[in-house]
Amino acid sequence: MGTAKTEEFTVKNNKIAQYAKALAHPARIAILQLLIKKQACICGDIVEEIPLSQSTVSQHLKELKEAGLITGEIEGKKVCYCINPEEWSNAKNYMEELFKPIVTKGNCC
């Protein structure tokens, strides 16, 4: 399998791709919606709300955290997760910038 050659693309292109990858699974969307709805850091509650095993939820949390969309703070033996507002804003701006230039004049093909 070939390499992704991510270094050939801009930082912004790579960041948009990272956000898109993080958003590319319905479980991750559900986790984000839960965190947004609760407006607070959530520990073990996520597994109770999402119909997946602890290990699967942990993998999805890892993807969201790697994209920077959420943060995880260690509190004793638990890790509490919440939305990262700064990165969330960056993702929103990058995605708007990506979709904004589309002009719907006539047939393109």
Side-chain angles (χ1 to χ4, degrees):
M1 180 180 266
T3 60
K5 294 189 178 184
T6 56
E7 69 278 354
E8 299 291 327
F9 300 95
T10 66
V11 171
K12 188 181 289 186
N13 287 347
N14 281 295
K15 201 62 180 161
I16 291 170
Q18 189 178 28
Y19 295 141
K21 179 183 176 193
L23 297 171
H25 195 286
R28 293 185 208 131
I29 300 298
I31 290 167
L32 289 169
Q33 288 173 325
L34 177 64
L35 293 173
I36 291 165
K37 178 182 167 188
K38 299 281 186 172
Q39 290 289 312
C41 290
I42 300 174
C43 298
D45 310 7
I46 296 172
V47 175
E48 294 171 13
E49 299 277 341
I50 306 293
L52 300 170
S53 70
Q54 171 68 54
S55 60
T56 302
V57 169
S58 292
Q59 281 300 113
H60 288 303
L61 289 166
K62 180 181 175 201
E63 285 287 335
L64 292 168
K65 194 170 177 189
E66 285 178 1
L69 295 173
I70 65 172
T71 60
E73 300 293 325
I74 298 172
E75 291 184 7
K77 294 181 180 181
K78 298 179 180 180
V79 179
C80 294
Y81 296 95
C82 58
I83 295 293
N84 178 346
E86 184 178 324
E87 200 68 37
W88 193 259
S89 179
N90 289 340
K92 179 180 177 273
N93 292 335
Y94 283 174
M95 292 300 197
E96 282 178 352
E97 194 175 307
L98 173 67
F99 290 113
K100 195 173 188 174
I102 298 296
V103 178
T104 57
K105 291 181 183 177
N107 188 1
C108 69
C109 295

Rounded at 0.5 Å granularity, tell me how far [atom1] in [X] sits from [atom2] in [Y].
X: Glu87; Y: Tyr94; atom1: CD; atom2: OH; answer: 8.0 Å
X: Ile83; Y: Ser89; atom1: CD1; atom2: OG; answer: 12.5 Å
X: Ile16; Y: Leu98; atom1: CD1; atom2: CG; answer: 5.0 Å
X: Lys12; Y: Asn93; atom1: NZ; atom2: CG; answer: 9.5 Å

Compile the donor-acceptor pairs under 3.5 Å between side chains in residues 25-34 and protein atoms, sequence neighbours left out, one pair per line.
{"unit_1": "His25", "atom_1": "ND1", "unit_2": "Ala27", "atom_2": "N", "d": "3.0"}
{"unit_1": "Arg28", "atom_1": "NE", "unit_2": "His60", "atom_2": "ND1", "d": "3.1"}
{"unit_1": "Arg28", "atom_1": "NH1", "unit_2": "Lys21", "atom_2": "O", "d": "2.9"}

(request) Could you tell me whether Glu96 atom CD has more than 12 heavy atoms of other residues or ligands within 6.0 Å of it? (result)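 Atom CD in Glu96 is crowded, with more than 12 foreign heavy atoms closer than 6.0 Å.
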
(message) Show, in sequence, the C-alpha distance, side-chain angles and deciding distance for Ile70 and Trp88, and conclude whether the side-chain contact (heavy atoms from CB on, under 4.5 Å) test is met.
(response) CA-CA 8 Å; Ile70 65 172; Trp88 193 259; over 6 Å; no

(request) For the pair Val79 and Leu61, evaluate side-chain contact (heavy atoms from CB on, under 4.5 Å) and give the outcome as yes or no after the intermediate values. (result) CA-CA 11 Å; Val79 179; Leu61 289 166; over 6 Å; no

(message) Quick one: does any side-chain atom of Glu48 pair with a main-chain N or O of Asp45 as donor and acceptor, under 3.5 Å?
(response) no

(request) Would you please test Lys37 and Glu49 for side-chain contact (heavy atoms from CB on, under 4.5 Å) and show each step? (result) CA-CA 12 Å; Lys37 178 182 167 188; Glu49 299 277 341; 5.8 Å; no

(request) Please report the shortest heavy-atom distance between Tyr81 and Ile46, naming the atom on each side. (result) CD1-CD1, 4.1 Å

(request) Sequence neighbours left out, what pairs pass side-chain hydrogen bond (donor to acceptor under 3.5 Å, both in side chains) with at least one residue falling in residues 62-74? (result) none

(request) State whether a side-chain donor-acceptor pair under 3.5 Å links Gln54 with Ser58. (result) yes

(message) Using the rule that Ile, Leu, Val, Met, Phe, Trp and Tyr join whenever any side-chain heavy atoms are under 4.5 Å apart, tell me whether Val11 and Tyr19 fall into a single cluster.
(response) no

(request) Take Asn84 and Leu69, measure what side-chain contact (heavy atoms from CB on, under 4.5 Å) needs, and give me the verdict at the end. (result) CA-CA 5 Å; Asn84 178 346; Leu69 295 173; over 6 Å; no

